[in-house]
Colleague: 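Pasting a structure below so you can have a look.
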Amino acid sequence: MDDRMARRSGYALTISETLLHSDAMRRACAARDFQEIFRLVNRRTGSSHALMAAAIGKMTSSRVSDIIRGVRGIRGSGVVERVADGFGIPGEMLGLPARPWETNNGANRFQDQRVLSEPASQFHKGQRVVQALEVMSNDSASTLPMVLGELIDHYTRTICSMPPAEVYDELLTVRTHASRFLDAALSESQRREITLSIGWISCLLGIAACDMGAHAASYVWCGDAERRSQEVGHPELSGWAVLTKSLIAFYQGRAHESVALALRGQSDTSPGTMVHAKLATQEMRAAAMAGDGDRTERARRYAAQEIARLPGDVKTSGAFSISPGEDPPYTATSLMLLGRHAEAVSATKSVIQTLYRPEARQRGEHPSSFARALLILGLAQAGAGNLDEAVAAGHEALAGSRPAWPTVTLAGKLNRVLEREFPGALQVEGYRTRYMEVAGTLTGNSV
């Protein structure tokens, strides 16, 4: 995450809104006391050293730690500028020359940044969430866990349908607000509940960052969720965070790493839980990508066994869910990756008919997973030699309104397969044009 990404994600804006007008931050900036500036950002926003380093750019988490401990300082105007940009501090507060995007008093700088990067309405949505939190919790840690729990349920249901950048910013403002309470006098149970809630929010931030293609940020948030999980002894949280890491490795083509992460997640979670079963399905398709048919079949049998153990009221939609069916999730993908294209076509059509009914799609449910199922169908159809069916599935997948990095990655793979298997076909050129349009909406992300 460079300075541009930090601003785009709303990190600098969140810090500026949280700290800029505090007397402590103003005094630290006036004195150019970077140790205190870093301490304030770390303590008041709950930011990890890794996230702070990523926001600044060209800095390691160990150096951030050294600065906070007073072992090292900040030298050079270039580094000071990166700190100002990463933390959302007007340059003049740190004695820097005025820059074109800053007004004389710096008051409108952050609004200007926001207009350049995202619609202002997204920021206001996040602020409204925090305002509601402040009213409901009445600055009391006793009611905060309940309110955070309801918000987590809300974002768990909607994160797969909201634009990733929008949900990322909203979650970030919520997490910043919740982190402030960890400095308050809390009972052990209150601290545990709030810490666990912050961990779930970090896990959701990891998913949103993954959908934006911001992989470094996603790893940071997933790592934070794992630490919170260990702190409160809640292994299921860690399992979902590791699953996101495994998904990133899978879509980046690192099959063996994806398998290893899925296995680690299974070892850390209990059999009979939803996340354990989901990790087994992820092991299955990662093994298929690696060309390991035996492991794929073993993981498929184990996943089916684990899914059969789940209660009947298991969540079937949202970020932390699984879709029980005749076959484990990702079975069609695994068959396609193993070159069993005709079977993959049949399995994918069955999944689409069962899980993605027209009435559900009209309500805006499952837009990302439906698009990916269509792209798997397109890849399987292409492998089976069915050009028109493959192109039709690809166009339908890209007709949705929520492009996300994994979806665009699959769309790019379909584009490459079509160009290889059907060179010169007009249908392929038409799909390529549409694919490039959608890929362009994820500026800066390779596919």
Side-chain angles (χ1 to χ4, degrees), residues 1 5 8-11 48 50-51 54 122 126 129 148-149 151-176 178 196-229 234 236-252 258 261-262 265 269 274-275 277-279 281-282 285-286 315-323 329-330 364-372 400 402-410 442 445:
M1 182 190 291
M5 177 62 77
R8 184 161 65 243
S9 71
Y11 181 70
S48 67
L51 181 58
Q122 293 180 10
V129 174
L148 287 177
L151 276 175
I152 290 165
D153 286 342
H154 164 73
Y155 286 113
T156 297
R157 291 193 306 271
T158 60
I159 191 172
C160 298
S161 57
M162 294 174 65
E166 179 176 340
V167 72
Y168 184 97
D169 282 357
E170 290 190 26
L171 285 164
L172 190 59
T173 56
V174 171
R175 190 189 182 285
T176 300
L196 180 58
S197 295
I198 290 172
W200 283 114
I201 295 169
S202 290
C203 194
L204 289 166
L205 280 162
I207 294 170
C210 171
D211 280 353
M212 290 191 294
H215 306 141
S218 183
Y219 268 87
V220 170
W221 289 120
C222 289
D224 182 73
E226 290 179 76
R227 288 190 294 274
R228 307 281 178 177
S229 173
H234 194 91
E236 287 188 37
L237 168 59
S238 177
W240 287 110
V242 172
L243 177 62
T244 297
K245 290 182 175 181
S246 182
L247 292 173
I248 292 173
F250 175 82
Y251 282 106
Q252 288 181 337
S258 184
L261 284 164
T269 55
M274 182 166 51
V275 67
K278 194 70 174 278
L279 284 159
T281 66
Q282 175 59 22
R285 70 168 172 175
K315 291 182 179 179
T316 59
S317 63
F320 310 123
S321 67
I322 194 166
S323 300
Y330 308 148
E365 298 176 13
H366 314 296
S368 293
S369 55
F370 175 56
R372 292 169 206 173
R402 187 187 182 270
W405 170 73
T407 305
V408 174
T409 299
L410 279 178
L442 293 178
N445 298 322

Colleague: When rounded to the nearest 0.5 angstrom, what is the spacing between CD1 in Ile152 and CG in Leu204?
Modeller: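 Ile152 CD1 to Leu204 CG: 7.0 Å, rounded to 0.5 Å.
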
Colleague: Given side chains that start at C-beta, do those of Arg285 and Phe250 come closer than 4.5 Å, heavy atoms only?
Modeller: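 Arg285 reaches Phe250 side chain to side chain.
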
Colleague: Might you point out which heavy atoms bring Leu205 and Leu172 nearest each other, and give the distance in Å?
Modeller: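 Residues Leu205 and Leu172, closest heavy atoms: CD2-N, 3.9 Å.
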
Colleague: Taking atom types as modelled, is there a side-chain donor on Ser202 or Arg228 under 3.5 Å from an acceptor on the other?
Modeller: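 Result is no, nothing qualifies.
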
Colleague: Of the non-hydrogen atoms in Pro164 and Met212, which two are nearest, and what is the gap between them?
Modeller: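 The answer is CB-CG, 3.5 Å.
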
Colleague: Might you point out which heavy atoms bring Leu247 and Gln282 nearest each other, and give the distance in Å?
Modeller: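 Here Leu247 and Gln282 meet closest at CD2-OE1, 3.3 Å.
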
Colleague: Could you go through the side-chain contact (heavy atoms from CB on, under 4.5 Å) check for Tyr251 and His215 one step at a time?
Modeller: CA-CA 11 Å; Tyr251 282 106; His215 306 141; over 6 Å; no

Colleague: Please report the interatomic distance CG(Leu261) to CG(Leu243), rounded to the nearest 0.5 Å.
Modeller: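 One gets 9.5 Å once the value is rounded to the nearest 0.5 Å.
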
Colleague: Which pair of heavy atoms, one from Gly265 and one from Leu279, lies closest together, and at what distance?
Modeller: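 That would be C-CD1, 3.3 Å.
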
Colleague: Out of curiosity, Cys210 SG to Tyr219 OH, how far, rounded to the nearest 0.5 Å?
Modeller: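 The SG atom of Cys210 sits 9.0 Å away from the OH atom of Tyr219.
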
Colleague: Can you tell me how far apart CG (Leu151) and CG (Leu171) are? Round to the nearest 0.5 Å.
Modeller: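 It comes to 9.0 Å.
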
Colleague: Looking only at side-chain N and O atoms, does Ser246 offer a donor or acceptor that is under 3.5 Å from a partner on Ser258?
Modeller: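 Checked: Ser258/Ser246 side chains pair up, N/O donor to acceptor below 3.5 Å.
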
Colleague: Side chains of Phe320 and Lys315: closer than 4.5 Å at any heavy-atom pair?
Modeller: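 Side chain of Phe320 against side chain of Lys315, heavy atoms only: no contact under 4.5 Å found.
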
Colleague: Between atom OG of Ser317 and atom CD1 of Ile322, what is the distance when rounded to the nearest 0.5 Å?
Modeller: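 The OG atom of Ser317 sits 13.0 Å away from the CD1 atom of Ile322.
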
Colleague: Return the CD1 to OG distance between Ile207 and Ser218, rounded to the nearest 0.5 Å.
Modeller: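 One finds 8.0 Å between CD1 of Ile207 and OG of Ser218.
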
Colleague: Does one side chain, of Trp240 or Thr244, offer a donor that lies under 3.5 Å from an acceptor on the other?
Modeller: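 Short answer, no.
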
Colleague: I need the minimum non-hydrogen distance between Ala217 and Tyr168, along with the two atoms involved.
Modeller: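 Taking Ala217 first and Tyr168 second, the nearest heavy atoms are CB-OH, 4.4 Å.
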
Colleague: Measure across Ala371 and Thr407 and return the closest heavy-atom pair with its distance rounded to 0.1 Å.
Modeller: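 Closest approach of Ala371 to Thr407: CB-CG2, 3.9 Å.
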
Colleague: Within the 4.5 Å heavy-atom criterion, are Trp221 and Glu226 side-chain neighbours or not?
Modeller: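 They are not in side-chain contact.
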
Colleague: According to side chain to side chain donor-acceptor pair (under 3.5 Å), who are the partners of Thr269, at least two apart in sequence or on a separate chain?
Modeller: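 Scan of Thr269 (side chain to side chain donor-acceptor pair (under 3.5 Å), adjacent residues dropped) gives His276.
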
Colleague: Applying side-chain contact (heavy atoms from CB on, under 4.5 Å) to Val167 and Tyr155, what does each step give before you reach the verdict?
Modeller: CA-CA 8 Å; Val167 72; Tyr155 286 113; 3.6 Å; yes

Colleague: Any carboxylate oxygen within less than 4.0 angstrom of a Lys/Arg side-chain nitrogen, looking at Arg175 and Glu170?
Modeller: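 Looking at Glu170 together with Arg175, the answer is no, because their closest N to O distance does not fall below 4.0 Å.
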
